[in-house]
Novice: 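Got a structure here, written out as structure tokens. Questions coming.
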Amino acid sequence: MAAANGDASHGGGGVPRPTNPMVTPLLTDLYQFTMAYAYWKAGKHLDRAVFDLYFRKSPFGGEFTIFGGLEECIRFIANFKFTEDEIKFLRSVMPTCEDGFFEYLRSIDCSDVEVYAIPEGYVVFPKVPLMRIEGPVAVVQLLETPFLSLVNYASLVTTNAARHRLVAGKSKNLLEFGLRRAQGPDGGISASRYCYMGGFDATSNVAAGRLFGIPIRGTHSHAFVSSFMGLDEITNKALTSSDGSKKCEDFVSLVQNWLIRIQESSSLHGTFGETSQSELAAFTSYALAFPNSFLALVDTYDVMRSGVPNFCAVALALNDMGYKAVGIRLDSGDLAYLSIETRKFFRAIEKEFGVVGFEKTRITASNDLNEETIDALNKQGHEVDAFGIGTNLVTCYAQAALGCVFKLVEINKQPRIKLSEDVSKVSIPCKKKCYRLYGKEGYPLVDIMTGEDEPGPKIGERLLCRHPFNESKRAYVVPQHVEELLRCYWPGTSSNPREVLPSIHEIRTRCIHHLDRMRPDHMRRLNPTPYKVSVSTKLYDFIHFLWLNEAPVGELQ
């Protein structure tokens, strides 16, 4: 949902406020405030802390994730400031806290916080920090829940969109139709934004189009078709040609004549009988309203016996007036079969009447599509040019959440570790640098984490990469290209230059580029090859030293 227009939409450092006005310092869990008070009470609130935001497992049974939500996090911290009303509310829910704590809250912002992050739109992998947040421990603790809220769904739905793009292929148009099925207005707006970032071409969501500059698409529903009873309902029948040189006073009659010609044509004779005249009236009326962008939903009554012939009659009449129809949409039935039969019909029209290019008239399919149905259509063979995808895309029906976490890895320059009997939940301690190492063929081979003070990997130099927890999993890598992943997006009081936040169109291009750079076996739908995430030998040794140091020693009785 949009922030208010005008100056009020911009805050700290000229950075706009969060897109959703509900994203304020109060958008957090109560325990963040109780911890902040306990830090303050103990005099620890200014301790310098480092937190990593990362995830433990890629979603949808895959081996990759697309990072989304960074810009909204930067917008949030750039404008982080408690209002008097918010302070008053916190006093009411924390009545036993001392007045000095609320004075402290009134004074804080994020000017002393530093944020380092992988660029938004990158392909990312488990355990590697998406963001590293440094600053006073009480302030950074207050950022945990909003950051997780802003990154978890954004990354999940961007990944879902990217997976749909991969299975559909580069040549197909992908349209996001999910607003009406999304988890509320904010879910709908966010889905439209991040699906576009993940490789979709357009959305049906008008508000998202306005907010983010995403192309918007849409035609009509079954209700529009069934609202017409017959051609006599069309009172304004005139249509001026596309170049303005002539005017057809009775476009309805032109459509009817074309339908008769199609019925009597040698190649299509006998393929259909009487079509629905109410449907023909709806198509004709819509074409009169939008002659430059006529696309018809053809499955209200019968696709091949009515919808497609009626569309073709209207499209040929438009062609006489210098317009080119866009195509049809199939929203039910056997999409593979119907798309193939429709293409045959279009081919016959082009051959019979000499309308160049009619065979290539666009066929769009919708109807509860997901990765599996598109994959099945590919295997069956189909003639669909564009897919309209809604429910399964925006709700991330195949997996409800990504599961990002926000873990303390260092405080006052002392590394910290979170232990667990479940090794996948053990955190990787200390302030780290992260690199992506590329091989001779240009594909990424491995992501490696090192201690902040370690020298980075060098091109052409052999490097031992170790699994963080499994001592037997290790490999030497000679990188042909080295990319440092974490960039400074909010420098705080440091002198580090701040990265510019790119436009949504630049992020989309970046996302598609990085998907193309990945090795295909890491990206396949079934049984993808796990991508290697590693640590340096020095960091590996330190992890296990700290682990042994922090884990309590049992005693046998």
Novice: Measure across Arg165 and Lys170 and return the closest heavy-atom pair with its distance rounded to 0.1 Å.
Specialist: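 That would be NH1-O, 3.8 Å.
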Novice: Verify, without hydrogens or angle tests, whether Asn370 (side chain) and Asn392 (backbone) share a donor-acceptor contact under 3.5 angstrom.
Specialist: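 Answer holds: no.
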Novice: Would you check if Asn367 and Thr373 make a side-chain contact, meaning some heavy-atom pair closer than 4.5 Å?
Specialist: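 Answer no - side chains too far apart.
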Novice: Please check: side-chain N/O of Gln480 versus main-chain N/O of Val478, any donor-acceptor pairing under 3.5 Å?
Specialist: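 Side chain of Gln480 to backbone of Val478: a pair is present.
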Novice: What pair of heavy atoms forms the shortest contact from Tyr286 to Gly218, and how long is it?
Specialist: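 Closest pair (atom of Tyr286, atom of Gly218, distance): OH-O, 4.1 Å.
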Novice: Taking the ring centre of each residue, are His382 and Phe387 less than 6.0 Å apart?
Specialist: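 Yes.
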Novice: Any chance you could measure Asn236, atom CG, to Ser285, atom OG, to the nearest 0.5 Å?
Specialist: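 So the gap between those two atoms works out to 9.5 Å.
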Novice: Between Ser190 (side chain only) and Gly187 (backbone N and O only), is there a donor and an acceptor less than 3.5 Å apart?
Specialist: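 Looks like no, no N/O pair under 3.5 Å.
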Novice: So do the side chains of Lys247 and Leu239 get within less than 4.5 Å of each other, counting heavy atoms only?
Specialist: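 A side-chain contact is absent here, since even the closest heavy-atom pair is not under 4.5 Å.
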Novice: Out of curiosity, Leu445 CG to Tyr438 OH, how far, rounded to the nearest 0.5 Å?
Specialist: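 Interatomic distance, Leu445 CG to Tyr438 OH, rounded to 0.5 Å: 10.0 Å.
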Novice: Evaluate Arg436 against Asp447 for salt bridge (charged side-chain N to carboxylate O under 4.0 Å, His left out), listing each step before the verdict.
Specialist: CA-CA 4 Å; Arg436 185 157 294 170; Asp447 283 9; 2.8 Å; yes
Novice: From the options Glu71, Glu120, Glu176, select the one residue that forms a salt bridge (charged side-chain N to carboxylate O under 4.0 Å, His left out) with Arg193.
Specialist: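 Only one of Glu71, Glu120, Glu176 forms a salt bridge (charged side-chain N to carboxylate O under 4.0 Å, His left out) with Arg193, namely Glu71.
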Novice: Can you confirm whether or not the ring centre of Phe67 sits under 6.0 Å from the ring centre of Tyr122?
Specialist: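 They do not qualify: ring centres at least 6.0 Å apart.
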Novice: Does a donor on one side chain sit under 3.5 Å from an acceptor on the other, for Arg329 and Thr219?
Specialist: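 The answer is no; no qualifying pair exists.
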Novice: For Val255 and Leu280, which heavy atoms make the closest approach, and how far apart are they?
Specialist: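 That would be CG1-CD1, 3.7 Å.
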Novice: To the nearest 0.5 Å, tell me how far Met304 CE sits from Lys344 NZ.
Specialist: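 The distance works out to 9.0 Å.
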Novice: Side chain of Gln263, backbone of Gly273: donor and acceptor closer than 3.5 Å?
Specialist: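 Judged by distance alone, yes, a pair lies under 3.5 Å.
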Novice: So, Thr203 versus Ser192: side-chain donor-acceptor pair below 3.5 Å or not?
Specialist: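 Side chains of Thr203 and Ser192: pair found under 3.5 Å.
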Novice: Do the ring centers of Phe294 and Phe311 come within less than 6.0 Å of each other?
Specialist: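 Yes, ring centres under 6.0 Å apart.
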Novice: Atom OG in Ser221, atom CG in Leu297: separation rounded to 0.5 Å?
Specialist: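 Atom-to-atom, Ser221:OG and Leu297:CG are 7.5 Å apart.
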Novice: What do you reckon, are the aromatic ring centroids of Phe125 and Phe64 less than 6.0 Å apart?
Specialist: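 No; Phe64 has its ring centre 6.0 Å or more from that of Phe125.
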Novice: With side chains defined as the heavy atoms from C-beta onward, is the minimum distance between Pro129 and Met449 less than 4.5 Å?
Specialist: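 Side chain of Pro129 against side chain of Met449, heavy atoms only: contact under 4.5 Å found.
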Novice: Evaluate the ring planes of His522 and Tyr531, with Trp represented by its six-membered ring, and classify them as parallel (under 30°), tilted (30 to 60°) or perpendicular (over 60°).
Specialist: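 His522 and Tyr531: perpendicular rings.
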Novice: We want to know whether Ser265 and Glu352 form a side-chain donor-acceptor pair, criterion being a heavy-atom distance below 3.5 angstrom.
Specialist: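 The criterion, which ignores hydrogens and geometry beyond distance, is not satisfied for Glu352 and Ser265.
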Novice: Indicate whether the side chain of Asp302 and that of Ser306 have a donor and an acceptor atom separated by less than 3.5 Å.
Specialist: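 There is no such pair between these side chains.
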Novice: Between Arg508 and Asp201 (salt bridge meaning N to carboxylate O under 4.0 Å), is one present in this structure?
Specialist: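 A salt bridge is present here (some side-chain N lies under 4.0 Å from a carboxylate O).
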Novice: Check whether Asn79 reaches the backbone of Arg75 with its side chain - one donor and one acceptor, N or O, closer than 3.5 Å.
Specialist: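 A pair under 3.5 Å: yes.
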Novice: Can you label the angle between the Tyr196 ring and the His505 ring as parallel, tilted or perpendicular, going by 30° and 60°?
Specialist: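 Rings of Tyr196 and His505: perpendicular, as their planes differ by over 60°.
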Novice: With a 6.0 Å cut-off on ring centres, are Trp258 and Phe353 close enough?
Specialist: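 When the ring centroids of Trp258 and Phe353 are compared, they turn out to be within the sub-6.0 Å range.
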Novice: Hey, are Thr65 and Ser58 close enough side-chain-wise for a donor-acceptor pair under 3.5 Å?
Specialist: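 Yes - a donor-acceptor pair under 3.5 Å links their side chains.
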Novice: Measuring only between side-chain heavy atoms, which start at C-beta, is Thr364 closer than 4.5 Å to Leu330?
Specialist: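 No, too far: nothing below the 4.5 Å cut-off.
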Novice: Would you compute the distance between atom CG of Asn205 and atom CZ of Arg180 and round it to the nearest 0.5 angstrom?
Specialist: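 These two atoms lie 11.5 Å from each other.
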